[in-house]
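Following: one structure in structure tokens, then a few remarks.
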2 protein chains.
Amino acid sequence: MSRAEALSPARLKDAAPLFAALGDATRLGLLVSLCSGGPVTVTHLSGQFAVSRQAITKHLEVLSEAGLVKSTREGRERIWAFEPKRLDDAHAYLERLSKQWDVALGRLKAFVET
Amino acid sequence: MSRAEALSPARLKDAAPLFAALGDATRLGLLVSLCSGGPVTVTHLSGQFAVSRQAITKHLEVLSEAGLVKSTREGRERIWAFEPKRLDDAHAYLERLSKQWDVALGRLKAFVET
DNA sequence: AAAAAATGCAACCAAGGGGTTGCATCAAAA
DNA sequence: TTTTGATGCAACCCCTTGGTTGCATTTTTT
């Protein structure tokens, strides 16, 4: 069988923190902002949300550790930017799940028809 | 513009708990099991994991509230089954994010080339 | 009717998460 | 060289989470 590797425990341990990072409304909002608005600073971002700057910083750090965002220092300010690669990973994980489900359905169908 | 609706705050509030439910290695493992192995009972599932039956029950309830799983009573046991619809939702959310990013890139390119 | 199997319920616990405030730093302007 | 703007760091708080154990309940099975 040459199909893509299934979802091993190792992969799950990689996927979990990625989805966890996506599992917060504020963080999703930040992603949308960075995604559609281009690279900006924390103080600029925190203007768009109802929470403090430090709260936003923490969220950005979570996103950063998940690889969904990256920051670069520029003088006295730090610029945050969206990082699309990891989003594709998340996408791929979901894809694998769906595929596995389809395979199971196929097996069931084959069994019923036998 | 007739493109699909963007990621409004309302949508984010729906997406967040969905991703949050996916953001745990044990829960992902449960999904994989249910996805590839077919409907089973809690006690059967808990045999495949290192945690107690009650822990698994709690995880299944989280997945259920996220709409990723559903259960039916059958005599003295409760059968848990994978629910693929919500997975497509998650998929769609990610898709919207990517798309928004592509649009932003397109704008940037257009701007640079002007 | 009694024993066994599968769940449900509740209390409890330690750790982590999301949030805040206050103050220290560091770079840029005036 | 002050002053101002943007961050960084740290302590603290409360609530949620993931996990446990113990016992009650409900169906089967014997």
Side-chain angles (χ1 to χ4, degrees), chain A residues 9 12-34 37-82, chain B residues 9 12-34 37-82:
Chain A
L12 297 191
K13 279 209 192 111
D14 177 59
L18 179 52
F19 287 120
L22 294 170
D24 179 279
T26 305
R27 281 197 291 269
L28 283 179
L30 286 170
L31 278 186
V32 171
S33 274
L34 291 179
V40 279
T41 111
V42 189
T43 21
H44 180 241
L45 278 173
S46 62
Q48 315 175 4
F49 296 85
V51 295
S52 71
R53 170 180 60 87
Q54 288 81 348
I56 300 290
T57 300
K58 285 191 185 179
H59 281 305
L60 287 172
E61 275 163 3
V62 171
L63 289 173
S64 171
E65 241 172 274
L68 288 163
V69 123
K70 111 190 149 197
S71 75
T72 59
R73 206 49 189 280
E74 205 146 306
R76 91 178 127 177
E77 46 189 27
R78 155 166 267 132
I79 310 294
W80 295 86
F82 179 62
Chain B
L12 296 190
K13 279 209 191 112
D14 177 59
L18 178 51
F19 286 120
L22 294 170
D24 178 279
T26 305
R27 282 198 290 270
L28 284 179
L30 286 169
L31 278 187
V32 171
S33 274
L34 290 178
V40 278
T41 111
V42 189
T43 22
H44 180 241
L45 278 173
S46 62
Q48 313 174 6
F49 296 85
V51 295
S52 71
R53 170 181 60 88
Q54 288 81 349
I56 299 290
T57 299
K58 286 192 184 178
H59 280 305
L60 287 173
E61 276 164 2
V62 172
L63 288 173
S64 171
E65 242 171 274
L68 288 163
V69 123
K70 114 192 148 196
S71 75
T72 60
R73 206 48 189 281
E74 205 145 307
R76 92 178 126 177
E77 47 190 23
R78 156 165 266 131
I79 309 295
W80 295 87
F82 179 62

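Reminder, nothing fancy here: chain letters follow the sequence lines and each chain counts from 1. What you are looking at is a predicted structure, and each value in this text was computed from that prediction instead of being measured.
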Going 5' to 3' along DNA chain D, which are the first and last nucleotides with any atom under 4.0 Å from a heavy atom of chain B? dG18(D) to dT28(D)
With heavy-atom distances below 4.5 Å as the criterion, would you say the side chains of Leu30(B) and Val62(B) are in contact? no
Nearest 0.5 angstrom please: Leu22(B) CG to Leu22(A) CG, how far? 9.0 Å
Contacts of Thr26(A) that satisfy side chain to side chain contact (heavy atoms under 4.5 Å, CB included) - sequence neighbours left out: Asp24(A), Phe49(A), Ile56(A), His59(A)
Which of residues 39-46 of chain A have a heavy atom under 4.0 Å from DNA chain C? none
Those residues that, when tested against Ala25(A), pass side chain to side chain contact (heavy atoms under 4.5 Å, CB included) (two or more places apart): Ala16(B)
So if I take residues 63-72 of chain A and measure heavy-atom distances to DNA chain D, which residues fall below 4.0 Å? none
Evaluate side chain to side chain contact (heavy atoms under 4.5 Å, CB included) for Ser33(B) paired with Leu45(B), printing each intermediate quantity in order. CA-CA 8 Å; Ser33(B) 274; Leu45(B) 278 173; 3.9 Å; yes
Once base and sugar-phosphate atoms are separated, protein heavy atoms under 4.0 Å mark nucleotides 14-19 of chain C, 5' to 3', with B, S and - as ----SB
Any idea which heavy atoms bring Leu68(B) and Ala21(B) closest together, and the distance? CD1-CB, 4.1 Å
Ala81(B): partners by side chain to side chain contact (heavy atoms under 4.5 Å, CB included), with sequence neighbours left out: Pro39(B)
Listing request: all salt bridge (Lys or Arg N to Asp or Glu O under 4.0 Å) pairs with a residue in residues 64-76 of chain A, at least two apart in sequence or in separate chains. Lys70(A)-Glu83(A)
Which pair of non-hydrogen atoms, one from Leu34(B) and one from Trp80(B), has the smallest distance, and what is that distance? CD2-O, 3.5 Å
Ring pair (Phe, Tyr, Trp, His ring centres under 6.0 Å) partners of Phe19(A), counting only residues at least two apart: none
To the closest 0.5 Å, what do you measure between CZ (Arg78(A)) and OG1 (Thr41(A))? 11.0 Å
Once each nucleotide of nucleotides 25-30 of chain C is scored for protein heavy atoms under 4.0 Å, what B/S/- sequence comes out, 5' to 3'? --BS--
Could you note down all residue pairs passing salt bridge (Lys or Arg N to Asp or Glu O under 4.0 Å) where residues 49-62 of chain B supplies at least one of them, sequence neighbours left out? none
Just to verify, what does Pro17(A) make a side chain to side chain contact (heavy atoms under 4.5 Å, CB included) with, not counting sequence neighbours? none
Please report, rounded to the nearest Å, how far the P atom of dT7(C) is from the CG atom of Leu60(B). 10 Å
Could you pull out the closest heavy-atom pair between Leu28(A) and Ala15(B), with the gap in Å? CD1-CB, 3.8 Å
